[in-house]
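A quick note: this is a predicted structure, and the numbers were derived from the prediction, not measured.
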Amino acid sequence: MADFLRRDIWALEEEQGPWHPITEAYALAVGVMQGRGRDDPTSWAYQAAVHGVGFGEPTDQFVNQCQHNTWFFLPWHRIYLYWFERMVRAALTGLDAVSDDVKAEWALPYWNYDRGGQTASLPTAFREPTLADGQTENPLFTQLRDRNIARGGQLDPVSVSADGALGEGFFALDPIPGGTVGFGGAVTGWNHFDEAADAAPGALEQTPHNLVHGGVGGPGGLMSGFDTAPLDAIFWLHHANVDRLWVEWLHQDGRENPTESSWSGELFDFHDENGTPVRMAAAEVLDPEQIGYAYEEAAVPELLAAGAEGGSAMPTEPPPDRPTELVGATDEPLVLTGDQAQVAIPLAAPTGPALLADTGEPEPQRVYVNVEGIQGEENPGLSYAAYVNLPDDEDPSTAQGYHVGNVSFFGIELAGDVDQDHPGGHGLRYAFDITDLVNELREQGRWDPDRVTITFSPLRPLPPPGEEDAAEPAESVPPVRIGRVGIYYQ
Ligand code: C2O
């Protein structure tokens, strides 16, 4: 039995309203941490700096450390939350307004935005400017959020779905040009953004993780940027949910964590609740039980269990052991500014010796869409769903069969920083495995081997019911630039 149970924030609200004692205790503890100075490692400001500091600000082994676009994404954030949760619990000890039971048992709630009903909207306690007394400033509140989310609107269902991520068969795949990287992120060394040449987000980091950041933050909001996201108190509940999804993924047949010591042994620096430096590695946090907590709900979703063949949702075959080949790509960058956009990519017959001569295979075993060199000044908040060969008369919202993944922009402000600290500066990369869709279209005689289209369709939070016309005007969307969209065969 774990000592601490992390509970669903919407379940707390459903039980006792917005100010369940666990939620209220969190708000009060956040207030305590916000009152501490930036030099105190247990302060709110310092904890955000652990994730990221502004460009050019001094760094050490404790700040500007968040791991993204790498297989360290999940263990690093698990350790980060673990020490943060202990800091919150420690901050509660001096508070008279919090009962002894809550002090003894407090654990970080999680925000499962994918449970249907109202759960895709921000829990009420985060949207109220004041605490339950109607007077005291609410530390969970900020104005720096997407305007629909701030008013109680919901994240788009596509943005919050973990189905694609949970269907991944492998935690990390060996890096290949244009290929996908698995559930947990690309195999890299220490990687804050894209220092490593092979940096790319795993399926869970893509959706829902990155989309929820942009969806909640909107343009210019706290959750949209690397250096500001943890300043929004919902950040920690979002990450508790991402952490919970790692547990769910492992519950499925055949899923396992990496066994390489280059993953499990990499050490990361943090501070404990007393401000004392501590170091921890993935090996110490492979399972939450190792560090004393469990989740209220961590079962494999029925949807996946029911639709599964042989107990797992998707084939768990690794990709074939041969190189990929680029068979077509856009020849100029695509700039997205909030509207739907489409690119047509002419495909050449594969000529790679590895593809045809060596194996004698008439067709590629895998087909990937690779979206790379994604750059922009700031996260526009909204994300784009990507569709392959979407028919002209089809509305993207009802065309799930053609949906292959989502492109979003958490961290994009770092993509232009080309200097010593960011020698890469080459931007984000997303890859999607479209093999199943291609095979299906081929069987129906609808696959054109000479041409493919990719449609990017905007995903933005929905306005609250009855306030539909108040949506963000499209002209205010900061542009993002996609360097190249390529099709790879393997
Ligand atoms: Cu390191 Cu969701 O962020």
Side-chain angles (χ1 to χ4, degrees), residues 4-38 40 42-48 81 84-113 117-155 216-218 221-223 228-241 273 296 461 464-467:
F4 298 102
L5 184 67
R6 292 188 180 172
R7 298 206 51 203
D8 179 319
I9 185 74
W10 270 111
L12 299 179
E13 180 160 349
E14 284 152 14
E15 278 169 24
Q16 295 195 34
W19 296 109
H20 187 288
I22 293 175
T23 313
E24 186 182 32
Y26 180 51
L28 297 173
V30 170
V32 171
M33 292 176 74
Q34 286 173 345
R36 295 174 181 157
R38 162 72 165 77
D40 178 345
T42 69
S43 69
W44 192 247
Y46 190 98
Q47 284 299 302
L81 257 65
F84 172 81
E85 185 178 52
R86 292 177 67 110
M87 286 175 195
V88 171
R89 208 178 292 129
L92 294 177
T93 53
L95 296 174
D96 294 340
V98 178
S99 75
D100 288 345
D101 283 355
V102 171
K103 283 178 182 167
E105 288 170 14
W106 192 89
L108 185 64
Y110 59 89
W111 178 23
N112 181 2
Y113 21 68
Q118 62 197 348
T119 60
S121 55
L122 200 60
T124 310
F126 293 78
R127 285 188 267 125
E128 295 288 332
T130 56
L131 295 179
D133 64 11
Q135 288 174 7
T136 318
E137 234 177 84
N138 175 10
L140 307 182
F141 176 78
T142 170
Q143 284 183 327
L144 300 173
R145 292 188 181 129
D146 174 84
R147 51 187 273 192
N148 284 338
I149 286 298
R151 296 180 302 143
Q154 302 212 347
L155 295 166
V216 172
L222 295 178
M223 276 285 275
T228 53
L231 294 171
D232 187 331
I234 198 64
F235 170 93
W236 305 91
L237 282 72
H238 171 34
H239 269 277
N241 191 52
E273 66 275 24
E296 175 174 21
E467 298 179 43

Ignoring hydrogens and geometry, is there a side-chain-to-backbone donor-acceptor pair from Q154 to G117 under 3.5 Å?
yes
Run the ring pair (Phe, Tyr, Trp, His ring centres under 6.0 Å) check on H239 and Y110 step by step: do they pass?
CA-CA 7 Å; H239 269 277; Y110 59 89; over 10 Å; no
Do side-chain atoms of W111 reach the backbone of A240 as a donor and acceptor pair under 3.5 angstrom?
no
So if I apply the side chain to side chain contact (heavy atoms under 4.5 Å, CB included) rule between R6 and each of L81, L237, N241, which one comes out positive?
L81
Are the side chain of W106 and the backbone N or O of I22 linked by a donor-acceptor pair below 3.5 Å?
yes
If every non-hydrogen atom of Q16 is compared with every non-hydrogen atom of P21, which pair is closest and at what distance?
OE1-CD, 3.4 Å
Atom CD of residue position E15 - does it have more than 12 heavy atoms of other residues, nucleotides or ligands inside 6.0 Å?
yes
Given W10 and S121, is the side chain to side chain contact (heavy atoms under 4.5 Å, CB included) satisfied, shown in steps?
CA-CA 10 Å; W10 270 111; S121 55; 3.7 Å; yes
Side chain to side chain contact (heavy atoms under 4.5 Å, CB included) evaluation trace for L122 with I234:
CA-CA 8 Å; L122 200 60; I234 198 64; 3.6 Å; yes
Would you find a donor on one side and an acceptor on the other, under 3.5 Å apart, between the side chain of N138 and the backbone of E128?
yes
Donor-acceptor check, side chain of K103 to backbone of A90, threshold 3.5 angstrom: yes or no?
no
Looking at I149, is its backbone amide N or carbonyl O close enough to the side chain of D146 to form a donor-acceptor pair, meaning the two atoms are under 3.5 Å apart?
yes
Pi-cation contact, F4 with R86 (under 6.0 Å, within 45°):
no
Check: S43 side chain, G37 main-chain N or O, donor-acceptor pair, under 3.5 Å:
yes
Please work out which of the three classes, parallel, tilted or perpendicular, describes the rings of W44 and W236, given edges at 30° and 60°.
tilted
Examine distances only and state if a side-chain atom of Y26 and a backbone atom of A233 form a donor-acceptor pair shorter than 3.5 Å.
yes
Would you name the heavy atoms of P230 and A48 that are closest together and state the gap between them?
CB-CA, 3.8 Å
Does some side-chain heavy atom of Y113 sit less than 4.5 Å from a side-chain heavy atom of H238?
yes
Could you tell me whether the side chains of T23 and E13 share a donor-acceptor contact shorter than 3.5 Å?
no
Look at the side chain of R89 and the backbone N and O of E85, then say whether any donor-acceptor pair between them is shorter than 3.5 Å.
no
Stepwise side chain to side chain contact (heavy atoms under 4.5 Å, CB included) check, L231 with Q47
CA-CA 8 Å; L231 294 171; Q47 284 299 302; over 6 Å; no
Could you walk me through whether L28 and L131 pass side chain to side chain contact (heavy atoms under 4.5 Å, CB included), step by step?
CA-CA 9 Å; L28 297 173; L131 295 179; 3.9 Å; yes
Will you find, in the side chains of T42 and D40, an N or O donor that is under 3.5 Å from an N or O acceptor?
yes
